[in-house]
Amino acid sequence: MKFGTKAIHAGQEPDPSTGAIMTPIYQTSTYIQESPGKHKGFAYARGKNPTRVALEKCLAELENAKHGLCFSSGMGATDAVAKLLRPGDEVITGDDLYGGTYRMFTKIFSNYGIKFHFIDLKNPANIEKQINPNTKLLWIETPTNPTMQIIDIAACSKIAKRHKLIFAVDNTFASPYLQNPIDLGADLVMHSVTKYLGGHSDVVMGALCLNDDKLYEQLSFILNSCGANPGPMDSFLVLRGIKTLHVRMDRHCFNGRKVAEFLKDHPKVGKVYWPGFTDHPNHAVAKKQMRDFGGMISFTTKNPAVESTFKLASSFKVFSLAESLGGVESLINHPATMTHASIPKPDRERVGVVDSLLRLSVGIEDIEDLIGDLKQALG
Ligand SMILES: *Cc1c(COP(=O)(O)O)cnc(C)c1O
């Protein structure tokens, strides 16, 4: 089946008892047992819930993976992957990472004896220099947040395989519609389902997709033991959101291109970060591994003063100033003080997260209204 058909049907059967076409919200914490241990595959809802199981199957199919696992947030999913590690283990990851992931690695897991190397992954040859016998995990994000760097997934996978590292890709920005890391050799795909998959800014959820049975058993064990499971209502909302993922993504990509081109020509705008530009440093890699370039764009204004950027960020009428991304509505965000505030200033500035940087999540409104809003705000 092709993507749009999978988005609507994968993992979902009409309810056998009523014929309901939509997967019911199994709002239950427990399930009756005929005799101790004898049940229909469901014992307690932290471990398994039918609404969640339908969503996990759907996500797995969208990522061309064998298994899916849902968590109460993207960070919950990342936390489960980090819990595969032991004291003394080392992780190689990017120097332009979602702020929350950076915070979890540096403020939580480094206290448990795990060492993290934050390196420039634009050239995958840098990875091999950091590998030693303790290296266990390669964690990448592409496109990166917020500077839209593109990391070569297939090249990273070759290195990870050669050194027997677990290779995980945070695929939140692209969504499975634009990029399937497992097809390019990744062991694990992580999603903040909160973003494009949910798509309507009404759910916080995370997911992992993978092929390996043993790794799936380990991660299911961590999920059930540590309890970062999402509820059935949220699972339902995401199943419903995913039904329009392909249609929404087409419009995100169309609007994203128009907004990126508008910004590039604007006299008050400095740099524009969008992987669809032919002069983007890794445009060729983006073209190779992505089906289109998405709706995420960052840009700097020529005035470097933070006050001027704050004023601009508050002067939009259609774009809303808010954290998060990937919903139908357009959002604007100031990474340096919002999503990436937990990264030390010199570290964030080195990768381009300066005070005059703004990030747009271009929604699916009419493009004329979005461009009109940018025009009036930039003046
Ligand atoms: C939002 C986000 C996360 C964290 O996901 P939550 O659902 O907010 O916990 C991780 N990675 C990326 C790229 C994100 O944008």
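Counting starts at 1 for both ligands and their atoms, following the listed order.
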#### Entry: For atom 2 (C) of ligand 1, closest protein heavy-atom neighbour
Lys195 NZ, 2.5 Å

### Message
If I apply the N/O under 3.5 Å rule, does Leu325 come out as touching ligand 1?
### Response
no

### Query
Can you find an N/O atom of Val204 closer than 3.5 Å to an N/O atom of ligand 1?
no

### Message
Within ligand 1, which atoms have a heavy atom of Ser73 less than 4.0 Å away?
### Response
7 (O), 9 (O)

### Task
Give the residue and atom name of whichever protein heavy atom lies nearest to atom 7 (O) of ligand 1, and the separation in Å to one decimal.
Thr194 OG1, 2.6 Å

### Query
Does a side chain donor of either Glu323 or Asn333 reach within less than 3.5 Å of an acceptor in the other side chain?
no

### Intermediate values then yes/no, side-chain contact (heavy atoms from CB on, under 4.5 Å), Ile140 and Ile153
CA-CA 8 Å; Ile140 76 163; Ile153 299 172; 4.2 Å; yes

### Task
Looking only at protein heavy atoms, identify the closest one to atom 12 (C) of ligand 1 and say how far it is in Å.
Asp170 OD2, 3.4 Å

### Query
Where does Val193 meet ligand 1, judged by heavy-atom distances below 4.0 Å: at the side chain, the backbone, both, or neither?
neither

### Of Asn211, Leu210, Ile182, the residue whose pairing with Lys66 passes side-chain contact (heavy atoms from CB on, under 4.5 Å)
Asn211

### Task
Please report the closest heavy-atom contact between Tyr31 and Asn49, naming both atoms and the distance.
OH-CA, 3.3 Å

### Message
Please list the nearest protein heavy atom to atom 5 (O) of ligand 1 with its residue and the distance rounded to 0.1 Å.
### Response
Ser192 OG, 3.0 Å

### Query
Between Gln179 (side chain) and Thr142 (backbone), is there a donor-acceptor pair under 3.5 Å?
yes

#### Entry: Heavy-atom closest pair, residues Pro146 and Arg359
CB-CD, 3.9 Å

### Query
What atoms in ligand 1 come closer than 4.0 Å to a heavy atom of Met205?
7 (O)

### Message
Counting non-hydrogen protein atoms only, what is the nearest one to atom 4 (C) of ligand 1? Give residue, atom name and distance.
### Response
Tyr98 CE2, 3.4 Å

### Query
Roughly how far, to the nearest 0.5 Å, is the OG atom of Ser320 from the CD atom of Glu329?
7.0 Å

